[in-house]
Amino acid sequence: MPKLTFLPNDDICPEGMIIEVPAGVSICRAALDNGIELEHACELSCACTTCHVVIREGFESLDDATEDEEDMLDKAWGLEPESRLSCQALVADEDLVIEIPRYTINHAKEEH
């Protein structure tokens with residue numbers, strides 16, 4: 001199974017975390033299922049940017065973003081060429097290194 005390495009994020013995952021997940025699961029679902037509380041204000045429906053992540057390693061293994069995802073990403077804080085919405089990026093067969101940005105454009109954090 002592919003390994004997802006979440007880099008340390010002071011607010012969400014201070015120590016960082018490495019998890020193994022089956023291919024085909026979204027990065028956001030994998031994080032949530034393993035206790036990493038990624039924001040996801042639209043309930044994983046590609047309608048916001050709160051689950052924005054940057055893929056530091058393994059980006060090329062992911063399927064291309066859809067046009068809808070690209071449109072939403074244009075609104076994300078700190079957008080980079082390797083940015084993805086974690087609710088839309090499905091884990092493939094390669095390991096990933098994931099950075100959770102420090103900020104989102106969400107003004108009120110959802111409590112899930």
Side-chain angles (χ1 to χ4, degrees):
M1 282 197 294
K3 290 181 190 171
L4 306 187
T5 300
F6 287 88
L7 298 174
N9 174 290
D10 289 342
D11 299 320
I12 298 172
C13 188
E15 303 295 316
M17 186 180 287
I18 299 173
I19 59 176
E20 288 189 38
V21 299
V25 66
S26 76
I27 293 171
C28 191
R29 175 54 47 210
L32 295 171
D33 288 350
N34 286 278
I36 301 171
E37 291 298 320
L38 274 178
E39 285 192 60
H40 55 289
C42 72
E43 297 299 325
L44 314 180
S45 67
C46 193
C48 72
T49 63
T50 59
C51 71
H52 166 234
V53 296
V54 180
I55 310 301
R56 295 294 179 203
E57 292 179 23
F59 181 82
E60 62 285 340
S61 72
L62 302 173
D63 286 342
D64 291 339
T66 64
E67 188 173 324
D68 287 342
E69 182 183 354
E70 291 285 350
D71 289 345
M72 289 308 305
L73 278 169
D74 286 342
K75 302 172 187 174
W77 180 90
L79 185 66
E80 295 190 23
E82 293 81 22
S83 288
R84 291 297 302 265
L85 296 182
S86 65
C87 70
Q88 300 301 299
L90 302 180
V91 176
D93 293 325
E94 288 187 35
D95 296 346
L96 301 174
V97 175
I98 301 158
E99 180 179 348
I100 303 167
R102 175 95 172 127
Y103 301 103
T104 71
I105 62 169
N106 198 17
H107 294 287
K109 184 175 181 179
E110 301 289 332
E111 296 298 330
H112 295 279

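These values consider heavy atoms only, across backbone and side chains, with no hydrogens, waters or symmetry-generated copies. Here, residue 1 is the first one in the sequence, and each next residue gets the next number.
- Both I19 and L38 sit in one connected hydrophobic cluster of ILVMFWY residues. Membership requires side-chain heavy atoms under 4.5 Å apart, directly or through other members.
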Would R56 and V54 satisfy side chain to side chain contact (heavy atoms under 4.5 Å, CB included), going step by step from the backbone distance to the final call?
CA-CA 6 Å; R56 295 294 179 203; V54 180; 3.4 Å; yes
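- With contacts defined as side-chain heavy-atom distances shorter than 4.5 Å, the pair F59/R84 qualifies.
- Transitive grouping of hydrophobic side chains (ILVMFWY, heavy atoms separated by less than 4.5 Å) brings V21 and L62 into a common cluster.
- Of all heavy-atom pairs between E70 and A65, the closest is OE2-CB, 3.4 Å.
- No side-chain donor-acceptor contact under 3.5 Å links T5 to the backbone of I18.
- Between the NZ atom in K75 and the OG1 atom in T49 there is a gap of 8.5 Å [rounded to 0.5 Å].
- Here W77 contributes atom CH2 and T50 contributes atom OG1; the two are 14.5 Å apart, rounded to the nearest 0.5 Å.
- Across M72 and C46, no two heavy atoms sit closer than the pair CG-O, 3.5 Å.
- Atom SG in C51 sits 7.5 Å away from atom CD in Q88 (nearest 0.5 Å).
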Let's go through L4 and I98 carefully: what are the C-alpha distance in whole Å and the side-chain angles of both, what is the deciding distance for side chain to side chain contact (heavy atoms under 4.5 Å, CB included) to 0.1 Å, and is it a yes or a no?
CA-CA 7 Å; L4 306 187; I98 301 158; 4.1 Å; yes
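- Within the model, atoms CD of E80 and CG of L73 stand 11.5 Å from one another, a figure rounded to the nearest 0.5 Å.
- Taking 4.5 Å as the limit, every side-chain heavy atom of P14 sits out of range of all side-chain heavy atoms of P8.
- The shortest non-hydrogen separation linking A47 to C42 is N-SG, 3.3 Å.
- With respect to E94 and K3, no salt bridge is recorded, no charged nitrogen being found less than 4.0 Å from a carboxylate O.
- At least one donor-acceptor pair under 3.5 Å links the side chain of E69 to the backbone N or O of L85.
- Contact annotation: the side chain of S83 never approaches that of V53 to less than 4.5 Å [non-hydrogen atoms, C-beta and beyond].
- For the pair L44/R29, a side-chain contact is recorded, criterion being any heavy-atom separation below 4.5 Å from C-beta on.
- Between A92 and S61 the shortest heavy-atom distance is CB-O, 3.3 Å.
- Of all the heavy atoms in S26 and C87, the pair that sits closest is CB-O, 3.6 Å.
- Atom CG of D93 sits in a sparse spot, with 12 or fewer heavy atoms from other residues, nucleotides or ligands closer than 6.0 Å.
- Using modelled atom types, no side-chain atom of D95 and backbone atom of P2 make a donor-acceptor pair closer than 3.5 Å.
- Inter-residue side-chain proximity for I27 and I55 is flagged as met; some heavy-atom pair is nearer than 4.5 Å.
- Counting only N and O atoms by type, the side chains of S86 and H52 include no donor and acceptor under 3.5 Å apart.
- A heavy-atom distance below 4.5 Å is not found between the side chains of E57 and L96.
- Within 6.0 Å of CD on E15 lie no more than 12 heavy atoms contributed by other residues, nucleotides or ligands.
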Using side chain to side chain contact (heavy atoms under 4.5 Å, CB included), reason through I100 and I36 one step at a time and then give a plain yes or no.
CA-CA 10 Å; I100 303 167; I36 301 171; 4.1 Å; yes
